[in-house]
Structure formats: C-alpha cells, structure tokens
Amino acid sequence: MTENTAPKSFIHEIVENDLASGKYGGRVHTRFPPEPNGYLHIGHAKSVCLNFGLAQQYGGKTNLRFDDTNPTKEEQEYIDAIKEDVRWLGFEWDAELYASDYFDQLYDWAVVLINKGLAYVDDLSPDEIREYRGSLTQPGKNSPWRERSAAENLDLFERMKAGEFDEGSRVLRAKIDMASPIINLRDPVLYRILKASHPRTGDKWCIYPTYDWAHGQSDSIEGITHSICTLEFVNHRPLYEWCLKSLDIYAPQQIEFARLDLSHTVMSKRKLLRLVNEGHVSGWDDPRMPTLSGLRRRGVRPEALRAFAETIGVAKTNSTIDYALFEHTLRADLEPIAPRAMAVLRPLKVVIENLAADQTEWFEVDYYRHDETKEETRRVPLTREIYIEQDDFMAEPLPKYFRLAPGQEVRLMHACLITCTGFETDADGNVTEVRCTYDPATLGGAAPDGRKVKGTIHWVSASAGAQAAVRLYSPLLRTENDDPDAPDTDDFIAGLNPDSFETLTAVVEPALLQAAAGARFQFVRNGYFYADPVESKPGQPVFNRIVGLKDSWAKQQPK
RNA sequence: UGGGGCGUGGUGCAAUGGUAGCACAGCGGCCUUUGGAGCCGUUUAUCUUGGUUCGAAUCCAGGCGCCCCUGCCA
C-alpha cells in the first residue's frame with residue numbers, strides 16, 4: 001500500500017542511517033502510544049501510518065501501547081475504540097501493551113533513583129511547587145524538602161504508595177536542577193497521589209507515574225528503537241534521556257515530527273469531546289467528525305487515509321493541510337472503484353410528452369463505464385414522467401448554460417435526447433414541472449445524424465424510481481482555521497458551519513434500492529456516496545455523501 | 001540575549017554545494033454520453049542582511065517572523 005515513489009522523510013533517513021550503522025543491531029521497533037482518553041482522529045492516523053509504516057518498510061515491529069498513567073481521564077471504552085480504529089486503518093500490532101504493565105518496574109526504578117540521591121519526596125503544595133519553579137526568565141529555587149535523606153525519602157515514598165497521604169500533599173520529584181533553562185528539568189514530578197481506580201490495575205495503586213517517568217522507560221523495556229512523537233515533546237527529550245541515563249538502561253531515541261493540522265475542522269480532543277457532549281454532532285462517529293470512527297461512518301476507506309498520510313508527508317514544520325487536499329485524496333481513492341449510478345438529489349418533474357403513459361424504455365447501463373475491465377450492468381427504465389435536478393433546468397438560462405431550458409436540447413444520460421417545450425410554475429413563480437419531447441432516433445443516447453448536444457444530465461424515472469434518504473456533510477468549521485490551542489470559548493462554537501449537515505429525500509434509480517449496507521457509489525455528477533451501515537435496511541438504503549465532485553460550472557458563477 | 005523547534009509558490013512536501021521540482025488549489029485550453037470523467041498547458045517560492053565559494057535553499061554570522069516550554073495532563 002505504501003508508494004515507494006513517495007519522498008522519504010527525515011525520519012526514514014534516520015532509520016536508514018541507523019540500519020546502515022548497525023546502531024540497534026539492524027532492528028526497527030516502533031510503537032504507537034495513544035492515551036485512552038478519547039477517540040482517534042485523522043491526526044492520529046498520520047502517526048499510526050508513520051509508526052506502523054516504518055516497521056513494514058524496514059522489516060521491523062510496532063507495539064500498540066496505551067499510555068494509561070492517568071486513571072482520572074482514561075476509560076476502557078476508549079481502549080476498545082482505539083484498537084478497532086487501528087485495525088480498521090489496516091494495521092496489526094506485534095504486541096498490545098500498557099504503560100500500566102510496568103507500574104511495578106517503574107516503582108522499583110523510582111526507588112533506585114532515590115537511593116542514588118536523584119529523587120526526593122516533596123511536601124510542597126501544588127501552588128508552592130509552581131511558585132518555586134520560577135518562570136521562563138527567572139530560575140526556580142530549591143524546595144526545602146530537597147535534601148532529605150535517602151532513608152527518609154524511601155520511607156515517605158513507601159507510605160505514599162500505601163495510601164497514607166492525601167492527594168496533592170506530596171509528590172516524588174527528580175532532583176535535577178531548579179535553575180535549568182529547560183523548565184522540564186527543574187525537578188519534574190515523577191509520581192503523584194491519585195486515589196482513583198485504574199481501568200486495568202483497579203485499586204492496586206494510589207500513586208501513578210507521570211508521562212515523563214513512564215514513557216521513556218516503557219520504550220526501553222520494549223526495546224523500542226525509534227520513539228516517534230510530536231513536536232511539543234521536543235522540550236521533554238532532555239528529561240527522557242536523563243531518566244534512561246540515570247537508570248543506566250537501554251535507551252531508544254526520541255524523534256519528533258509536526259502533528260497534522262487540517263483546515264476547516266477541529267482537531268483537539270477537548271473540543272471534539274465538547275462537540276459530542278453538547279450535542280453539536282450526533283456522537284464520536286458523526287460523519288462530520290475528523291475521528292476515524294466518523295470518517296468510517298461517512299464512508300471514507302482506510303486506503304484513502306493511508307494515501308493521505310503518504311501525500312502530506314512528515315516534517316518538522318508546523319503546517320495546516322488544506323481541506324481540499326483531503327477531499328482530493330478521497331475522490332482519487334473512490335474514482336477507480338466506485339460503480340456509477342443515477343440519483344436525483346433535488347427532484348424536478350419532467351414530462352416527456354411523446355412517450356406514452358404506459359410505455360417504458362429499458363436501457364442496459366454499465367456500472368463501470370470508466371473501467372473497461374469491469375462489465376457489470378443494471379437495467380434502467382425510462383418512463384413518461386422522470387425527475388431531474390432542479391439545477392438542471394433554468395426558465396431563463398444564463399449565457400453558456402448547457403442544460404435544460406425552453407427550446408434547448410440535452411441528453412438524458414444513457415437514454416436519449418430531449419428538447420424542452422415548456423414548463424409550469426406555481427403561484428410564486430417556482431417551476432413545478434418541465435415539459436419535453438424526446439427524439440426516438442436517439443434511444444441509447446447517441447444522435448444518428450451526428451448532431452452535438454452540449455449538456456448531458458442524469459435523471460430517474462418517477463414511477464420506477466424510489467425515494468431514499470441522502471445526507472450531505474460539509475466541513476464542521478465555517479472558517480479555515482481553528483487554533484488547536486485556543487480556549488474552547490463560545491467563539492469556537494459560533495464558528496461552526498450551520499450547514500454542515502443536510503438531509504434530503506432523493507429519488508434514486510431502482511437498482512440502488514438493492515444497495516447493500518456499506519456499498520459505495522458515485523452518484524453521477526453529484527459525488528461519492530455510502531450506504532450507511534447502521535441505518536440502511538434491506539431495500540431501503542440511507543446514503544451518506546462521502547465527498548462531492550468538483551463543479552466547474554458552479555465555480556464560474558459569480559456568487 | 002531564558003531554553004528549544006521551524007522558516008521554499010496560495011497550501012503542503014522535495015531538492016542534502018551544481019538547471020529549484022511534485023501534489024493540491026488557481027488560471028487557460030482540449031475533449032466529453034459525468035460542465036462535475038479524462039487529458040494538456042500554465043502563473044506564483046528559497047524570511048532578511050552580510051560572508052565563504054567558480055557556484056548557496058543547502059555552509060557561517062547577525063537580524064526578523066512563527067511555534068513550543070512556567071500541569072501533581074499526555
């Protein structure tokens with residue numbers, strides 16, 4: 001699935017160099033380390049593809065490791081969803097592991113640190129710790145508890161573990177340098193008291209390691225070679241290395257890359273959670289969500305996501321990917337594989353005056369006109385009354401409008417040429433019905449006399465077609481960007497696109513009623529659609545629009 | 001002078017001392033039984049100043065800009 005033509009990233013180069021130099025004995029071992037406190041989104045997909053992709057390309061392994069060090073935020077529901085999403089994306093891990101698997105070892109290592117005089121129990125309150133830390137420009141100052149003896153620290157740490165102290169009353173800190181310009185090195189907290197039950201370890205622990213104390217050692221235990229993470233962890237690398245060096249254990253290397261930012265959508269877990277909780281979307285799998293479950297529900301294929309990850313590349317520059325590139329990737333993925341069919345989203349009735357009411361013309365139409373290797377067809381009936389798109393008729397056509405208009409001739413795709421002879425309107429002047437005649441010599445759609453028709457429109461028989469619910473989805477945000485770190489004030493909610501979801505009752509050709517749940521089609525001239533796997537019923541599919549087709553006519557119209 | 005990361009067309013990604021290329025977007029054209037399939041062409045870029053060099057996006061120095069770091073979150 002991976003294009004070998006894709007340019008290699010700086011990370012690939014690092015891996016290749018390490019392979020060449022024999023740095024890890026020719027091994028490549030990565031890990032994907034999600035915190036189970038939310039659903040995976042397309043940004044995680046980039047990381048999943050990178051980590052698993054690297055292992056695949058260089059014959060290595062990848063662990064799925066849940067970073068479950070904070071029981072106050074993590075839930076089993078998320079663990080299950082994450083596993084499902086990674087598998088759906090197309091990857092299988094070599095081992096399913098948890099940072100919590102290492103809680104005993106991590107505790108023992110903390111004791112080692114204490115014995116080396118490199119960690120101490122601090123009685124300062126959270127507020128005091130913050131004060132003592134100093135600021136970006138001011139050095140911090142030592143805690144009065146910094147010089148406790150190893151014996152006293154050991155005793156206190158053990159009692160922390162035993163549950164003798166309240167949350168927030170004491171922490172275990174590394175003893176590094178309160179004046180370091182790297183704030184993470186100003187005696188970072190290694191353990192805090194959290195009297196919370198853990199999804200996996202239950203009530204065994206009431207002290208939990210912080211990310212900084214758990215991550216590098218977990219990597220070390222698993223023999224990870226390249227520990228890939230996002231840019232905001234660059235500042236943590238000195239601490240990552242300090243821990244491993246202080247313990248004198250195997251040290252992987254941490255490598256950072258820029259996380260994905262996509263325009264017109266929200267990417268922070270906090271905001272996604274808020275959208276769900278406040279009902280702005282129907283759930284984590286709402287097709288508008290950038291979550292993998294949302295994209296899956298919308299009909300996006302994992303192949304498209306993998307191709308997208310390949311396309312956007314990996315670098316250290318913060319950047320925002322244009323939503324249009326994502327949509328392009330979706331179309332490129334579906335274009336070759338999607339069978340074509342006709343569905344009229346916003347129906348307008350057309351009466352073909354010279355076709356008898358009891359007359360039906362049947363056409364055998366290719367599903368894959370774009371692909372000569374596939375020959376499946378279905379039968380499409382033409383009757384006196386049909387539906388076309390409202391947009392495909394104009395009572396007073398604009399210049400260069402090639403579709404139906406009084407006196408104008410168009411092709412009904414796959415069927416015949418029709419000429420508009422008139423139309424009817426309601427009291428408000430809305431067109432309610434269009435009248436046409438067809439040319440019997442053009443059955444099949446070609447004109448024997450060689451006459452050219454500029455417009456070809458799709459259509460569905462009114463009597464033989466069927467109604468089907470069709471839902472259109474557009475980007476969540478009206479604005480291009482959402483600052484991923486801005487507070488989720490009402491502004492973020494106010495910026496939501498009010499038209500991101502629209503349900504229509506479309507008229508679809510008879511064959512589409514047989515669409516299996518999960519089937520994908522291109523509705524000609526409209527876009528790619530997916531028979532919703534949850535709401536579709538036998539004989540009554542519900543379609544989600546995965547992505548629209550580009551529309552050069554709409555584009556050239558002044559707004 | 002807190003520390004760190006990063007600056008290439010509108011948006012992204014390449015080029016690793018030797019003609020700045022690719023994708024998306026845009027624009028123009030061809031073609032068309034998807035105006036929305038397909039094809040072709042094309043505008044636009046090395047943050048800045050200086051230095052090294054026959055030659056700099058690439059190396060060096062200064063400046064500027066953006067991002068990250070003051071959780072007992074990850």
Side-chain angles (χ1 to χ4, degrees), chain A residues 5-10 13 33-35 37 67-70 72-74 122 124-126 129-131 133-140 167-173 179-186 188-194 207-208 210-212 214-215 229-238 256 258 263 269 311-329 331 335 340 342 365 369-370 400-403 411-415 417 444-447 452-458 480 485 522-527 548-556:
Chain A
T5 56
K8 287 185 195 123
S9 71
F10 71 99
E13 289 188 16
E35 182 189 13
N37 69 342
D67 232 324
D68 57 347
T69 56
N70 186 350
T72 65
K73 293 187 174 178
E74 297 149 8
D122 194 344
L124 254 26
S125 71
I129 286 184
R130 192 177 318 118
E131 283 172 35
R133 185 150 35 221
S135 73
L136 296 179
T137 50
Q138 303 285 121
E167 283 187 17
S169 64
R170 275 177 241 257
V171 290
L172 182 75
R173 301 178 73 176
S180 172
I182 301 164
I183 302 212
N184 283 306
L185 257 23
R186 317 242 264 230
V189 171
L190 267 23
Y191 270 93
R192 71 290 212 191
I193 298 168
L194 252 26
I207 56 172
Y208 291 93
T210 56
Y211 166 87
D212 286 310
H215 205 91
C229 61
T230 46
L231 245 30
E232 60 269 29
F233 290 98
V234 170
N235 297 317
H236 292 251
R237 194 184 337 128
E256 311 86 9
S263 75
K269 282 187 187 176
T311 300
I312 61 179
V314 177
K316 298 186 74 163
T317 316
N318 285 312
S319 59
T320 302
I321 304 292
D322 192 333
Y323 197 80
L325 178 58
F326 180 57
E327 293 200 324
H328 165 80
T329 310
R331 290 187 203 103
E335 197 279 327
R340 315 286 136 120
M342 294 195 289
V365 180
R369 173 184 283 268
H370 59 291
K400 292 194 176 174
Y401 182 80
F402 302 143
R403 286 113 93 168
R411 172 180 295 108
L412 290 182
M413 196 182 293
H414 311 307
L417 302 186
K452 296 275 187 187
V453 176
K454 296 217 79 166
T456 297
I457 64 176
H458 60 278
E480 247 191 40
D485 297 314
Q522 184 197 95
F523 289 173
V524 149
R525 299 206 309 144
N526 269 318
L549 257 22
K550 289 193 288 187
D551 187 343
S552 57
W553 164 257
K555 203 157 39 182
Q556 67 182 255

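None of the values given here were measured: they were computed from a predicted structure.
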Exercise. How would you label the glycosidic angle of B:rG38: syn (within 90° of 0) or anti?
Worked result: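 What B:rG38 shows is an anti base, its glycosidic angle lying more than 90° from 0.
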May I ask which nucleotide in the shown strands pairs with [N], Watson-Crick or G-U wobble, both distances under 3.5 Å?
{"N": "B:rC6", "result": "B:rG65"}
{"N": "B:rU52", "result": "none"}
{"N": "B:rG71", "result": "none"}
{"N": "B:rG28", "result": "B:rC40"}
{"N": "B:rU1", "result": "none"}
{"N": "B:rU34", "result": "none"}
{"N": "B:rG21", "result": "B:rC13"}

Could you give the distance separating [M] and [N] at their [atom1] atoms, to the nearest angstrom?
{"N": "B:rU46", "M": "B:rU8", "atom1": "C1'", "value": "4 Å"}
{"N": "B:rC22", "M": "B:rU42", "atom1": "C1'", "value": "15 Å"}
{"N": "B:rG18", "M": "B:rC59", "atom1": "C1'", "value": "15 Å"}
{"N": "B:rG7", "M": "B:rU48", "atom1": "C1'", "value": "11 Å"}
{"N": "B:rG10", "M": "B:rU43", "atom1": "P", "value": "14 Å"}
{"N": "B:rG71", "M": "B:rA14", "atom1": "C1'", "value": "39 Å"}
{"N": "B:rC47", "M": "B:rA57", "atom1": "C1'", "value": "12 Å"}
{"N": "B:rA25", "M": "B:rC40", "atom1": "P", "value": "15 Å"}

In terms of side-chain heavy atoms of [X], which of [options] is nearest?
{"X": "A:H328", "options": "B:rC24, B:rA15, B:rA74", "answer": "B:rC24"}
{"X": "A:K400", "options": "B:rU34, B:rG35, B:rU11", "answer": "B:rG35"}
{"X": "A:P181", "options": "B:rG3, B:rG5, B:rC73", "answer": "B:rG3"}
{"X": "A:E232", "options": "B:rA74, B:rG4, B:rU34", "answer": "B:rA74"}
{"X": "A:N235", "options": "B:rG2, B:rG35, B:rC69", "answer": "B:rC69"}

Would you classify [X] as touching base, sugar-phosphate or nothing, given that sugar-phosphate means primed atoms plus P, OP1 and OP2, and contacts are heavy atoms under 4.0 Å?
{"X": "A:V453", "answer": "nothing"}
{"X": "A:E335", "answer": "sugar-phosphate"}
{"X": "A:L124", "answer": "base"}
{"X": "A:R403", "answer": "base"}
{"X": "A:T72", "answer": "nothing"}
{"X": "A:F233", "answer": "base"}
{"X": "A:T317", "answer": "sugar-phosphate"}
{"X": "A:A446", "answer": "base"}
{"X": "A:I182", "answer": "sugar-phosphate"}
{"X": "A:I129", "answer": "base"}
{"X": "A:S125", "answer": "base"}
{"X": "A:H236", "answer": "base"}
{"X": "A:T210", "answer": "sugar-phosphate"}
{"X": "A:V524", "answer": "base"}

If the cut-off is 4.0 Å, is [X] near the phosphate of [N], judged by side-chain N/O to OP1 or OP2?
{"X": "A:R133", "N": "B:rG71", "result": "yes"}
{"X": "A:K316", "N": "B:rC6", "result": "yes"}
{"X": "A:K550", "N": "B:rA25", "result": "yes"}
{"X": "A:H370", "N": "B:rA37", "result": "no"}
{"X": "A:T69", "N": "B:rA74", "result": "yes"}
{"X": "A:S319", "N": "B:rC13", "result": "yes"}
{"X": "A:R369", "N": "B:rG38", "result": "no"}
{"X": "A:R525", "N": "B:rU32", "result": "no"}
{"X": "A:R331", "N": "B:rC24", "result": "no"}
{"X": "A:R130", "N": "B:rG71", "result": "yes"}
{"X": "A:K452", "N": "B:rU32", "result": "yes"}

Exercise. Would you call A:R237-A:E256 a salt bridge at under 4.0 Å N-O?
Worked result: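 Looking at A:R237 and A:E256, the cut-off is met.
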Exercise. Roughly how far apart are A:Q522 CD and A:R369 CZ, rounded to 0.5 Å?
Worked result: 12.0 Å
Exercise. Between atom CZ of A:R170 and atom CD1 of A:I207, what is the distance when rounded to the nearest 0.5 Å?
Worked result: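 A:R170 atom CZ to A:I207 atom CD1 measures 13.0 Å (nearest 0.5 Å).
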Problem set entry | A:A324 or A:I321, whichever maps to the more 5' nucleotide of RNA chain B | A:I321
For this session: Please figure out whether A:P126 or A:F326 has its closest RNA chain B nucleotide nearer the 5' end.
Result: A:F326
Whole-Å distance between [N] [atom2] and [X] [atom1]?
{"X": "A:R186", "N": "B:rG4", "atom1": "CZ", "atom2": "C1'", "result": "14 Å"}
{"X": "A:R173", "N": "B:rG71", "atom1": "CZ", "atom2": "C1'", "result": "12 Å"}
{"X": "A:E35", "N": "B:rC73", "atom1": "CD", "atom2": "P", "result": "10 Å"}

Problem set entry | Polar side-chain contact A:Q522-B:rU34 base: donor and acceptor under 3.5 Å | yes
Is a side-chain N or O of [X] found less than 3.5 angstrom from the main chain of [Y], in a donor-acceptor match?
{"X": "A:R331", "Y": "A:G548", "answer": "yes"}
{"X": "A:S263", "Y": "A:Y323", "answer": "yes"}
{"X": "A:N37", "Y": "A:K73", "answer": "no"}
{"X": "A:Q138", "Y": "A:G134", "answer": "no"}
{"X": "A:T230", "Y": "A:E232", "answer": "no"}

For this session: Kindly indicate, with the supporting measurements, whether the criterion side-chain contact (heavy atoms from CB on, under 4.5 Å) is fulfilled by A:D67 and A:Y211.
Result: CA-CA 8 Å; A:D67 232 324; A:Y211 166 87; 4.0 Å; yes
Exercise. Is there side-chain contact between A:I183 and A:L136, with heavy atoms separated by less than 4.5 Å?
Worked result: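 A side-chain contact exists here, since the closest heavy-atom pair is under 4.5 Å.
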